Number of protein chains: 2
Amino acid sequence: MKQVTIYDIAKEAKVSVATVSRVLNGTAPVKISTRAKIEALIQKHQFQPNAMARSLLSKETGIIGVILPDLTNPFFPEVFAGAEKEAQESGHTFLLCNTMGDYAKESEYLNIMQEKRVDGILFIGGRINLKECEPDLVQEMVEHAKKIPMVLINGNLRDTELTRVATDEYAGTMLAMRHLIELGHKRIGFIGGESHMTTTSNKLRAFRKSLRDAGLPVREDWILPDSFSMESGKQQMENLLEKKDRPTAVCCVNDFTAIGAIKTAIEHGLKVPDDMSIVGFDDIPLAHHVIPELTTVSQQASELGRTAMKVLRQLINKGKVKKLTSLEPQLAVRQSTAPAMMPSYSESFREISSG
Amino acid sequence: MKQVTIYDIAKEAKVSVATVSRVLNGTAPVKISTRAKIEALIQKHQFQPNAMARSLLSKETGIIGVILPDLTNPFFPEVFAGAEKEAQESGHTFLLCNTMGDYAKESEYLNIMQEKRVDGILFIGGRINLKECEPDLVQEMVEHAKKIPMVLINGNLRDTELTRVATDEYAGTMLAMRHLIELGHKRIGFIGGESHMTTTSNKLRAFRKSLRDAGLPVREDWILPDSFSMESGKQQMENLLEKKDRPTAVCCVNDFTAIGAIKTAIEHGLKVPDDMSIVGFDDIPLAHHVIPELTTVSQQASELGRTAMKVLRQLINKGKVKKLTSLEPQLAVRQSTAPAMMPSYSESFREISSG
DNA sequence: TTGAAAGCGCTAACAG
DNA sequence: CTGTTAGCGCTTTCAA
């Protein structure tokens, strides 16, 4: 397993290491015959220059660190793939770290990336989604960002100037709500999302605003935050269905909760979308595969990753970048939403099902 | 962005770099007072030793390279997560490369990993799943494996001694087939999988064998390989349903094709599993979420990744390892399979639906 | 067109 | 307990 070095090549070619280096990098003219000899040797030994040694001089590793919470959540691989596509151009490669939502692990990985001198960091999920993030966790990020270019994806840290790329969740939820309202729904609930996360409050803000704009009442007892899992969507739909008086449509914090909500609604004998319209957020691949297919707000995850990588590269190249690059989400209307039932219908429906 | 070095710390502490190095690594006793002084400085400057420089000496990077075809296929993130969990122990971190099934890109990444001197490589998908792999692609792998410990996951390269960790696909398919046969199915088809890939032929071998073992005929016109996508499952189920004489159950090459097959069967008015039993392979998360939930063979992807990482670590530590570590898959019986209809029933069914 | 030598940041003898 | 020094593999002046 002994690796061959530039010295081995130089010795065998009877030249100095400088000359070998020159043919390796094309950094200065080399006599054609000695070049040939050296290239032959490189080929013969399958010689690959040691990137560590190079980086020690150049101060560049060609590595981008990615910190994300959970690769088995299909949203993240899409973001990652987008970033990777964009990185092809600049020849960057990725050090990928899953934190499983553990802040201590985030810190650990941040340190590792600092030690490995990655060229830049893409940070998504975890602490940057908190409404109130511990001051020392914030401070730590600021310190690292001073040494390594960093961009936050779909998150923020208060009182901080870190560069961000984010989907406009407020606008996205407005899209979803306007769709529901245009379908004639006047009784709309909200399901899922942890209250201490910004994504939840952003979406709830839009939820309330759109209701007010349409002159509809905001029924606080139909707002049921919880978490982001399918289980949570099931549970909260369960709670909603227990109420005598219930909505004809729900807006969910993400696709997982929306799918959970659909399942539970169907189990209780409701027809989706006829008896209950449900809209999600994210547009994960699963949204297409569920029956009925989910109407949802597309984050364009791949585009998000791509843009983040583009911005990070500008940062690395010391170009000037906007503090916030905002991406407009799009509504994908599919099968889980339909016009609200006529009042008389829904009246009799409620009587039957709650009787 | 100027990074501080061990020299900066040493100078400010008025000691030599060796002393700083000692407190960094606890490699020799240091007077308590000078240690304190140095630690304070390290804290103050948020100093992190440069891993490049360290690796240059130690010949270890703490990085494992992972080459896989497509992270947006949910099977791979699970394998990766398993490997990552196992790697926690040894403090390894991952360089992740998506090849999108492009062999040239595989070569490129192999070279990058060689240059970066990763401690080991995990290779999954792509060329190692080919029944006939180009000799130079094989040769290239062998050359790299001579310099860097490498383990192949769920694949193989002919006439090669590379270390492998793999699910026993043959055994898994036997499990699935025995399940169908025990349910009384006598007319069974096979859908999906590219013929030039080993996974397809392994599964087909088991498919044929189990039929012969049970004294059932192998109907070649019900064997419909194609690719691994949901689209492919739809298409081939379509083809199957056009036949006058069709099976009561199908064994699919993977979960995606199985789900596609289910969708098409349902669209054609069949009841799954009553009119048609369908079994998949892999047990991706989606298998739980589809209605009816998919009966499938679980590869235990996470365990696969974990085991591969364990084996790779042994290889790195120059321990002796088995050439092939085989994992036994398990059958997960869910809702997409049911007893075969009684002959009379199925007879009348065929007449009705083909009339 | 080529070689000698300094140095990137760190560790590890080897002397004190 | 601590400092000096020689590399690790490579690039890059500076001379020749």
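Note: hydrogens, waters and symmetry copies are ignored here, and every other heavy atom, side chains too, is used. Chain naming here is simple, since letters A, B, ... match the order of the sequence lines and numbering starts at 1 in each. Since the model is a prediction, treat every value here as computed from it, not as a measurement.
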Does a sphere of radius 6.0 Å around NZ in B:K323 hold more than 12 heavy atoms from other residues, nucleotides or ligands, not counting ones at 6.0 Å or beyond? yes
Can you name the atoms? Protein N/O to nucleotides 6-9 of chain C N/O, anything below 3.5 Å, with the distance.
unit_1, atom_1, unit_2, atom_2, d
C:dC8, O3', A:K59, NZ, 2.8
C:dG9, OP1, A:K59, NZ, 2.7
C:dG9, N2, B:A53, O, 3.2

Show your reasoning for whether side-chain hydrogen bond (donor to acceptor under 3.5 Å, both in side chains) applies to A:Q3 and B:Q114. CA-CA 10 Å; A:Q3 299 270 5; B:Q114 168 69 35; 2.8 Å; yes
Chi angles and distances behind the side-chain hydrogen bond (donor to acceptor under 3.5 Å, both in side chains) call for A:N129, A:T198: CA-CA 6 Å; A:N129 288 339; A:T198 46; 4.6 Å; no
Between D:dT2 and B:S16, is there an OP1 or OP2 to side-chain N/O distance shorter than 4.0 Å? no
Salt-bridge test for A:E143 and A:K146: reply yes if a basic N is under 4.0 Å from a carboxylate O, no otherwise. yes
Treating B:K322 as the side-chain partner and B:V311 as the backbone partner, does any N or O pair qualify as donor plus acceptor under 3.5 Å? no
Can you tell me how far P of D:dT4 sits from NZ of B:K11, to the nearest Å? 14 Å
State whether the number of non-hydrogen atoms from other residues, nucleotides or ligands found under 6.0 Å of A:K37 atom NZ is greater than 12. yes
Taking C:dT11, C:dA4, C:dT2 as options, the one with an atom nearest any side-chain atom of A:T19 is C:dT2
How would you label the contact of B:V20 with the nucleic acid (heavy atoms, under 4.0 Å): base, sugar-phosphate, or nothing? nothing
With a cut-off of 3.5 Å and sequence neighbours excluded, list every side-chain donor-acceptor pair involving residues 301-309 of chain B.
unit_1, atom_1, unit_2, atom_2, d
B:R306, NE, B:E86, OE1, 3.3
B:T307, OG1, B:E303, O, 2.8

Could you identify which residues of residues 30-46 of chain A place a heavy atom less than 4.0 Å from some atom of DNA chain C, listed by residue number, or say none? A:V30, A:K31, A:T34
Which whole-number value in Å describes the distance from B:N25 CG to C:dA13 P? 13 Å
Verdict with reasoning, B:N50 to B:T5, per side-chain contact (heavy atoms from CB on, under 4.5 Å): CA-CA 8 Å; B:N50 183 325; B:T5 76; over 6 Å; no
Atom-to-atom span, CZ of A:R22 to C1' of C:dA4 - whole angstrom: 11 Å
